[in-house]
There are 2 protein chains.
Amino acid sequence: MSDLQRDRILTCACELYLKDGLDGFSMRKLARDVGVTAPALYRHYQNKEHVLADVVREAFREFTAYLYRALEGRTPWERLARAGEGYLEFALEHPRWYEILFIAPEQMGMAALPDDLEAQGCAVHQFWVDRVRECMDQGLLRQGDPLQASLTMWAHAHGLVTLFNHGAFQVDVDTFRAQFRASGARMLMGLATDEFAAEAVEQLMGAEPVEVDSPTVKGMMQG
Amino acid sequence: MSDLQRDRILTCACELYLKDGLDGFSMRKLARDVGVTAPALYRHYQNKEHVLADVVREAFREFTAYLYRALEGRTPWERLARAGEGYLEFALEHPRWYEILFIAPEQMGMAALPDDLEAQGCAVHQFWVDRVRECMDQGLLRQGDPLQASLTMWAHAHGLVTLFNHGAFQVDVDTFRAQFRASGARMLMGLATDEFAAEAVEQLMGAEPVEVDSPTVKGMMQG
DNA sequence: GTCTATAATCCGATAGAC
DNA sequence: GTCTATCGGATTATAGAC
């Protein structure tokens with residue numbers, strides 16, 4: 001069942017995407033890179049959309065490889081910290097791969113994400129929830145909903161790497177790595193002073209002890 | 001020096017961008033909406049790039065209007081909290097405006113951002129640094145570099161709204177508002193337990209008491 | 001200032017010969 | 001399985017008449 005030519009097309013498609021981005025990706029360019037004419041591609045792929053779906057699958061393979069190395073850590077904290085490092089390194093070393101994980105399916109000409117890709121996103125998010133939960137169980141992170149806490153951490157990390165990759169910070173990569181860690185440390189320690197923290201939280205959450213419903217995370221990515 | 005037709009074109013351009021996004025924006029569509037043929041537009045605008053630059057200027061006008069209302073707050077904390085609310089409401093009510101503030105200039109066919117837009121971004125970022133600094137001065141936020149702390153808060157907020165607007169969370173808007181506040185509260189209070197916080201920070205920052213260089217923020221947005 | 005007409009490219013996808 | 005040829009569409013932008 002192996003289709004060598006299809007594999008060759010996918011390889012070229014990934015290279016083309018990494019080189020020119022989603023906007024610069026076209027079936028005609030892809031055909032040129034493969035060394036055939038454009039119609040020949042349609043013998044192996046139904047259309048552009050299906051090619052891009054395979055490219056996203058490759059992006060997930062790369063991404064999870066970086067993340068799951070964190071499981072070699074021997075303590076919950078080590079695993080969480082290594083997962084954060086892996087997230088950062090992936091985003092820095094492969095910004096185009098990182099980008100396509102968060103691109104809306106409509107931008108790729110899809111009505112919705114294929115089910116298997118949606119499932120991949122859920123699995124990655126579950127990985128984060130598990131890393132947070134075991135730290136809570138050990139008393140390293142404050143008790144609470146691990147899903148909520150993981151969203152806070154994820155949003156912070158995603159925001160930082162997105163802003164950096166878009167060039168909003170004029171710093172070199174090593175400086176940014178230090179910033180990323182320092183900012184993570186501020187999140188763990190808290191931005192408010194001890195005296196003000198309780199009051200600030202109360203003002204933000206309202207008087208009543210709030211229990212926000214857990215969101216259903218559709219996938220880690222791509223709505 | 002008023003050019004009424006140019007104003008009309010810009011109005012239609014903003015409506016077209018808000019309706020169809022950057023990908024769906026073309027000079028032909030714009031001409032159709034204005035009620036003229038495409039070449040007529042080039043009497044008033046040099047090219048598409050210049051039209052889009054004016055659209056981004058409008059986005060900044062809207063954005064700063066939301067933000068600067070926060071200055072009506074009577075205390076530093078009230079001003080900071082209101083700024084956060086304004087940021088959230090702007091991103092929720094005008095996701096397309098929010099989006100274009102962070103789009104890379106190359107995606108709009110520009111080599112770089114016009115100087116005045118770059119300056120707008122810097123001004124907005126300075127606004128945030130000022131909100132943080134006055135809270136530090138009052139002992140509400142931990143002492144430190146206001147620029148660093150503001151980046152942590154900004155990344156967190158940007159990450160959350162980006163993920164929500166891209167549809168990664170399957171929650172309604174009101175639930176997300178509550179999540180946004182709750183997540184902000186977690187950032188102020190800190191994710192780690194009091195017992196673990198110091199150790200975690202030390203492990204993240206290294207043994208030596210670290211002073212990360214302040215990044216030069218090129219503009220709040222758009223590298 | 002607006003028009004018609006057009007240049008010059010690009011795109012995804014298909015029909016049908018070989 | 002690949003080719004040539006082509007359909008049908010998009011785009012930015014310009015030349016020149018009115």
Between N or O atoms, less than 3.5 Å apart, protein on one side and nucleotides 3-5 of chain D on the other: list the pairs.
| from | atom 1 | to | atom 2 | distance (Å) |
| --- | --- | --- | --- | --- |
| D/dC3 | OP2 | A/T37 | N | 2.7 |
| D/dC3 | OP2 | A/T37 | OG1 | 2.8 |

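- Using bins of under 30°, 30° to 60° and over 60° for the plane-to-plane angle, the ring pair B/F169/A/W154 lands in the perpendicular bin.
- Rounded to whole Å, atom P of C/dT2 lies 9 Å from atom CZ of B/R8.
- Classified by interplanar angle (parallel below 30°, tilted 30° to 60°, perpendicular above 60°), the ring pair A/Y87/A/Y98 is perpendicular.
- The residues A/E85 and A/R82 are annotated as not salt-bridged, no charged nitrogen and carboxylate oxygen being separated by less than 4.0 angstrom.
- Rounded to whole Å, atom P of D/dT11 lies 14 Å from atom CG of B/L52.
- Axis angle, first five pairs versus last five pairs of the helix from C/dG1-D/dC18 to C/dC18-D/dG1: 10°, rounded to 10°.
- Spacing between atom NE2 of B/H44 and atom P of D/dT14 amounts to 15 Å, rounded to whole angstrom units.
- The number of heavy atoms from other shown groups lying within 6.0 Å of CG (A/D115) does not exceed 12.
- Taking only side-chain atoms of B/N47, from C-beta outward, the nucleotide of C/dG1, D/dA13, C/dA13 with the closest atom is D/dA13.
- Here the C1' atom of nucleotide D/dT12 and the OH atom of B/Y45 are 17 Å apart, to the nearest Å.
- Remark: the backbone N or O of B/R79 is not paired with any side-chain donor or acceptor of B/R131 at under 3.5 angstrom.
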Expected rows: protein N/O vs nucleotides 8-11 of chain C N/O, under 3.5 Å:
| from | atom 1 | to | atom 2 | distance (Å) |
| --- | --- | --- | --- | --- |
| C/dC11 | OP1 | A/S26 | OG | 2.8 |
| C/dC11 | N4 | A/R28 | NH2 | 3.3 |

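- Put simply, CG on B/D23 is 13 Å from C1' on D/dT11, counting in whole angstrom units.
- The main-chain N or O of A/M27 is never found under 3.5 Å from a side-chain atom of A/K48 such that the two would form a donor-acceptor pair.
- Donor-acceptor pairing under 3.5 Å is recorded for the side chains of B/Y66 and B/E93.
- Among all heavy-atom pairs drawn from A/V55 and A/I100, the shortest one is CG1-CD1, 4.1 Å.
- Between A/Q5 and D/dT2 there is a side-chain N or O to OP1 or OP2 distance below 4.0 Å.
- The nearest whole Å value for the distance from the CG atom in B/L30 to the C1' atom in D/dA13 is 14 Å.
- The separation between B/H50 atom NE2 and D/dA13 atom C1' is 14 Å, rounded to whole Å.
- A ring-centre distance under 6.0 Å is not found for A/Y42 and A/H50.
- Per the geometry, CG belonging to A/L41 stands 10 Å off P belonging to C/dG12, to the nearest Å.
- B/Q126 and B/D130 share a donor-acceptor pair across their side chains, judged by distance under 3.5 Å alone.
- The distance from the CG atom of B/L204 to the CG atom of A/L188 is 6.0 Å, given to the nearest 0.5 Å.
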